[in-house]
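These figures come from a predicted structure and were not determined experimentally. Lettering follows sequence order; numbering is per chain, from 1. What's counted below: heavy atoms across the whole structure, side chains too, no hydrogens, waters or symmetry copies.
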Amino acid sequence: MTQPRPIRTVRGVRDILPGETVRWQRVEAEARRVFEAHGYREIRLPLFERTELFARGIGETTDIVEKEMYTFQDRSGESLTLRPEATASLLRAYIEHGLHVQPKPVRLYTLGPMFRYERPQAGRYRQFHQINVEALGEAHPALDAEVIGMLMELFRALGLAERLALQVNSIGDEACRPAFRERLAAYLREHAGELCPECRGRIERNPLRVLDCKRPGCQPLIDKAPSILEALCPGCREHFERVRGYLDALGLAYRVNPRMVRGLDYYVRTTFEVLTEELGAQNALAGGGRYDGLIQALGGPPDPGIGFAIGVERVTLLLGAGPDGPLPTALLIPLGEAALTALLPLAQAARRHGVGVEVAYGRKLRGELERAHRLGVPYVVIVGEDELRADRATLRDMASGAQRAIPLDRLPEELAALGRPG
RNA sequence: GUGAGCGUAGCUCAACGGUUAGAGCACUGGACUGUGGCUCCAGGGGUUGAGGGUUCGAAUCCCUUCGCUCACCCCA
């Protein structure tokens with residue numbers, strides 16, 4: 001009989017092992033705490049939707065829709081897609097359930113896996129995880145600042161603030177962007193010869209993208225290109241100035257980057273990114289912006305909206321390795337069958353008192369003590385024939401080696417007291 | 001989708017084209033019968049990613065393929 005070959009993970013997909021889940025739990029818990037302190041509530045969304053939702057919501061000509069979606073037909077022949085981002089789904093739910101009748105802004109957050117068919121790389125996976133925030137139905141610039149401020153507050157709470165940089169920009173709206181786009185394209189056409197081939201191709205398709213080019217050769221030209229900020233219409237200009245004023249009032253450090261361009265088609269006015277220099281090419285930890293008009297484009301009310309997405313993998317990469325996670329307070333070591341039978345209900349009782357307890361099976365005392373030491377468990381309880389005769393357990397402090405006898409029936413309470421140090 | 005680098009034990013890595021592919025860590029057992037951290041000994045573990053080719057002989061050279069990594073691209 002031959003051993004079957006083990007099956008391995010699919011490319012670009014990975015397991016998050018126990019040593020790492022500790023960090024994930026921390027990120028998620030801090031996010032929930034910070035967001036809920038701002039009045040945001042969780043919404044949970046399906047992992048797949050009708051393909052059309054993403055085509056309409058993200059933009060037919062974006063890279064995501066054109067070549068990165070996991071699209072398949074279900075048994076009824078309908079075209080479905082694993083979500084490549086969360087905003088479209090969230091807005092669909094907002095519209096479908098009439099959440100727009102709630103007091104505005106409607107503040108929501110969600111988290112979970114997204115799927116994009118890309119070549120994996122440091123900080124980039126085919127199944128990756130985002131934490132999303134969306135604030136819907138309110139156009140006030142203070143909401144932009146609230147959302148951005150909340151994002152930075154989360155990074156501060158995670159101890160990452162000093163290693164990150166916040167950039168903000170305004171990319172105008174339908175009133176001013178088309179004209180700017182033409183001006184920029186005209187400028188680029190004039191200097192097409194000095195641009196890299198990729199950028200030359202972008203001049204007509206999406207000239208704003210040229211501004212985002214990282215090739216050194218294109219930089220001088222980009223530096224001298226017309227700035228979107230000078231081309232903003234009065235409405236966008238005022239909105240951006242007020243957003244900046246509120247950011248200043250919040251005491252947030254940021255850089256205005258007039259060349260920041262975001263990859264999704266739906267953004268208007270405020271856009272922002274949180275960047276790091278520690279993760280190689282995948283330097284964006286979070287990004288977002290305002291998307292007034294998108295909800296209507298998806299068949300909903302004419303409500304404005306703003307939101308962001310955080311890349312959880314990238315955040316946990318930055319957090320680095322930490323403690324391996326919560327340990328039980330005590331390892332209970334029974335010596336023999338009678339002791340095991342006596343300890344099982346006591347372990348259960350201790351857990352009901354809220355203390356973490358692990359029971360050892362079958363090994364010699366020496367081996368179990370060694371295991372307890374290596375696990376880092378602070379206390380060990382030994383129950384053998386001697387203890388059973390006296391109706392006692394031996395409690396050992398692993399750090400000091402000190403031992404004392406405690407009555408068996410007092411064991412759960414004693415352990416619970418140890419589990420609440422200080 | 002494009003390019004480059006790399007695939008040897010669970011992990012980190014050795015092995016000039018030449019005997020039966022090794023070491024450290026980890027794991028299991030013993031020295032030590034109910035007391036951890038140290039030390040010593042022993043043991044389990046490998047289709048050298050896979051397939052083909054060259055050769056008397058391949059972990060080593062060649063081709064193909066898969067995977068990983070990094071970068072382009074894109075973005076979280």
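- By the 6.0 Å and 45° rule, A/Arg126 stacks over the aromatic ring of A/Tyr117.
- With C1' as the reference atom, B/A21 and B/G46 are 9 Å apart, rounded to whole Å.
- Separating the C1' atom of B/A42 from that of B/G37 is a span of 22 Å, rounded to the nearest Å.
- If you take atom P in B/U60 and the same atom in B/G51, they sit 12 Å apart, rounded to whole Å.
- With both ends at atom P, the span from B/C16 to B/U33 equals 46 Å, rounded to whole Å.
- Counting non-hydrogen atoms under 4.0 angstrom, A/Glu85 reaches nothing in the nucleic acid.
- Exactly one residue among A/Val274, A/Val133, A/Leu111, A/Leu154 makes a side chain to side chain contact (heavy atoms under 4.5 Å, CB included) with A/Ile310. That residue is A/Leu154.
- Using a 4.0 Å cut-off between charged nitrogen and carboxylate oxygen, A/Arg156 and A/Glu162 do not count as a salt-bridge pair.
- Considering A/Arg107, A/His140, A/His38 in turn, A/Arg107 is the only one that fulfils the side chain to side chain donor-acceptor pair (under 3.5 Å) rule with A/Glu146.
- Residue-level contact check: A/Ile333 touches neither bases nor backbone, having no heavy atom under 4.0 Å from any strand.
- One donor-acceptor pair, N or O on each side, does fall under 3.5 Å between the base of B/C73 and the side chain of A/Arg124.
- Nucleotide B/G24 has B/C11 as its partner under the Watson-Crick or G-U criteria, with both atom distances under 3.5 Å.
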Quick test: give all pairs of protein nitrogen or oxygen and nucleotides 67-69 of chain B nitrogen or oxygen below 3.5 Å, distance rounded to 0.1 Å.
unit_1	atom_1	unit_2	atom_2	d
B/G67	O2'	A/Arg8	NH2	3.1
B/C68	OP2	A/Arg11	NE	3.3

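- Pair check for B/G3 finds B/C70; Watson-Crick or G-U wobble, both atom distances under 3.5 Å.
- Under 3.5 Å, the side chain of A/Glu387 and the base of B/G34 form at least one donor-acceptor pair of N or O atoms.
- Across all strands shown, A/Gly401 has heavy atoms under 4.0 Å from base atoms, whether or not it also approaches the sugar-phosphate.
- At the heavy-atom level, A/Glu385 lies under 4.0 Å from base atoms of the strands shown.
- Between the side chain of A/Arg396 and the base of B/U35, at least one donor-acceptor pair of N or O atoms lies under 3.5 Å.
- Between A/Tyr70 and A/Phe115, the two ring planes are perpendicular [angle over 60°; tilted spans 30° to 60°].
- Between A/Thr62 and A/His373, the residue whose closest nucleotide on RNA chain B is further toward the 5' end is A/His373.
- Both distances falling under 3.5 Å, in either a Watson-Crick or a G-U wobble arrangement, occur for no nucleotide opposite B/U54.
- Across every strand in view, B/G37 sits unpaired, with no contact that passes the Watson-Crick or G-U test at under 3.5 angstrom.
- Across the P atoms, B/G57 and B/U19 are found 15 Å apart, a figure rounded to whole Å.
- If you take atom C1' in B/G7 and the same atom in B/U48, they sit 9 Å apart, rounded to whole Å.
- With respect to A/Phe155, the side chain to side chain contact (heavy atoms under 4.5 Å, CB included) criterion is satisfied by exactly one of A/Val315, A/Leu166, A/Thr276, A/Val34: A/Val315.
- Within 4.0 Å of A/Gly287, counting heavy atoms only, lie sugar-phosphate atoms of the nucleic acid but no base atom.
- For the pair A/Arg116 and A/Phe128, the cation does not sit on the ring face, since its NZ or CZ is not both under 6.0 Å from the ring centre and inside 45° of the axis.
- Across all strands, A/Leu285 comes closer than 4.0 Å only to sugar-phosphate atoms, never to a base (heavy-atom distances).
- Using Watson-Crick or G-U wobble geometry with both donor-acceptor distances under 3.5 Å, B/G44 finds no partner in any strand shown.
- Base contact: A/Gln282 has a heavy atom under 4.0 Å from a base atom.
- Scanning atom types as modelled, no donor and acceptor separated by under 3.5 angstrom connect the side chain of A/Glu370 and the base of B/U35.
- Rounded to whole Å, the separation between the P atoms of B/G24 and B/U20 comes to 23 Å.
- A donor and an acceptor atom, one from each side chain of A/Tyr291 and A/Glu134, are located under 3.5 Å apart.
- Atom P of B/G5 sits at a distance of 28 Å from the matching atom of B/G10, rounded to the whole Å.
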